[in-house]
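Here's the structure we're looking at; comments come further down.
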Amino acid sequence: MESDQAKPGTPDAASDSVAQHFYSGALERIRRFMLVLGPLVVVAIWFAFGLRSALGLAVGCAIAYLNFHWLKRVVSALGDRATGTNTTQSGKGVVLRFLLRYVLMALGAYGILTVSPASLNGLLAGLFLPVGAIVCEAGYELYVALARGL
Amino acid sequence: MRNLSKLFLVLSALCFAMPAFAQGGASAPVNWVAIAGGFSMAIASAVCGLAQGKATAAAAEAMARNPAARPGIQFALILGLALIESLALYTLVIIFAKVK
């Protein structure tokens with residue numbers, strides 16, 4: 001049976017290695033996209049809709065960033081548990097952290113709603129920061145795939 | 001499991017029973033948009049929860065079977081969970097836009 005993997009030392013193997021290295025950095029790039037995209041959108045909203053909406057958006061972006069970070073940690077802990085490696089975290093801790101993300105989002109929304117209901121739209125928009133970052137990453141990967149042929 | 005589903009069926013029937021008895025006389029117009037918003041949020045949350053559970057279970061099984069493929073599976077799982085969550089958020093945003 002013929003193997004799908006390229007033989008080591010061949011140009012195909014080198015190309016595979018470069019592509020693997022490129023795609024393994026996707027999560028870090030998404031994190032950076034979030035860090036760049038968040039402040040940019042907050043400034044744009046500040047000019048377009050005023051301070052209150054921008055403040056709500058900033059809180060939403062912060063919650064979304066923290067949410068994504070905790071999601072990564074929870075999935076990593078889940079991977080540790082599934083593969084049986086580095087099981088320093090308890091199952092309860094993993095589940096609690098997964099649920100704590102929702103509590104944080106609810107608390108943020110409640111806080112904004114009680115302090116300034118006008119900022120709620122901004123908060124809701126800010127929660128979509130990871131989606132924007134993923135779209136940016138998809139566009140970047142498409143560009144690299146077309147430009148470099150990875 | 002069957003008993004639990006029967007319990008939920010009875011509870012949901014009770015939710016409808018009380019307002020039906022309370023109706024009478026000149027009642028205020030019913031805000032159907034808010035009611036529909038509540039139902040749609042419940043459906044979206046339930047389906048997103050099911051989807052997240054299914055994706056996590058499949059990823060955990062795949063990682064346990066093939067630990068070497070862990071980075072790729074983990075990346076796909078993180079993206080999948082983030083996008084599934086955003087679907088529930090879309091519903092929430094639409095409800096806020098319509099109910100306000």
Side-chain angles (χ1 to χ4, degrees), chain A residues 5 19-21 23-31 34 60 63-65 67-86 91 94-95 98-99 101-102 105-106 109 113 117-118 120-135 137-138 141, chain B residues 4 31 33-100:
Chain A
Q5 287 183 339
Q20 214 165 17
H21 184 258
Y23 289 118
S24 67
L27 275 179
E28 183 57 27
R29 279 197 301 275
I30 288 174
R31 192 183 69 81
M34 285 168 73
I63 290 174
Y65 181 80
N67 188 25
F68 192 76
H69 179 67
W70 281 358
L71 180 69
K72 270 198 303 185
R73 287 186 62 180
V74 165
V75 169
S76 177
L78 182 78
D80 286 344
R81 303 273 305 174
T83 53
T85 54
N86 191 20
V94 173
V95 174
F98 196 82
L99 294 177
R101 298 177 316 115
Y102 296 114
M105 273 201 275
L113 199 63
L120 193 65
N121 289 342
L123 178 92
L124 288 174
L127 291 178
F128 288 104
L129 182 69
V131 178
I134 289 169
V135 170
E137 169 64 18
E141 284 189 10
Chain B
L4 204 63
N31 187 359
V33 177
I35 293 170
F39 271 105
S40 45
M41 192 65 234
I43 291 168
S45 306
V47 176
C48 284
L50 271 176
Q52 282 196 331
K54 221 171 167 183
T56 308
E61 194 182 334
M63 278 191 278
R65 279 177 191 270
N66 186 7
R70 184 182 158 174
I73 296 168
Q74 213 165 290
F75 172 62
L77 180 62
I78 291 169
L79 283 198
L81 291 180
L83 292 174
I84 291 168
E85 268 183 17
S86 71
L87 289 179
L89 283 175
Y90 287 137
T91 313
L92 185 67
V93 168
I94 291 168
I95 288 169
F96 264 106
K98 295 301 278 182
V99 172
K100 236 194 293 184

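Every chain is numbered from 1 and lettered A, B, ... according to where its sequence line falls, protein lines coming before strand lines.
Options Asn67(A), Leu127(A), Thr83(A) differ in how many heavy-atom pairs under 4.5 Å they form with chain B, and the most are formed by Thr83(A). The residue among Arg65(B), Met63(B), Glu85(B) with the most heavy atom pairs within less than 4.5 Å of chain A is Glu85(B).
A 4.5 Å side-chain heavy-atom check between Phe68(A) and Ile78(B) finds at least one atom pair inside the cut-off. For the pair Leu79(B) and Ile30(A), the minimum side-chain heavy-atom distance is below 4.5 Å. Looking at heavy atoms from C-beta onward, Leu77(B) lies in side-chain contact with Leu78(A) at the 4.5 angstrom threshold.
Identified by a heavy-atom distance below 4.5 Å to chain A, the contributing residues of residues 47-62 of chain B are Gln52(B), Thr56(B), Ala60(B), in residue-number order. Residues of residues 67-75 of chain B lying within less than 4.5 angstrom of chain A, judged on heavy atoms, are Pro67(B), Arg70(B), Gln74(B), Phe75(B) in numerical order.
For Leu83(B), the part sitting under 4.5 Å from any heavy atom of chain A is the side chain, from C-beta outward, and nothing else. For Leu27(A), the parts sitting under 4.5 Å from any heavy atom of chain B are the backbone and the side chain alike.
Across all non-hydrogen atoms, the minimal contact from Ala82(A) to Ala64(B) is O-CB, 3.6 Å.
Atoms CG and CZ, on Leu124(A) and Phe96(B) in that order, are 6.0 Å from each other to the nearest 0.5 Å.
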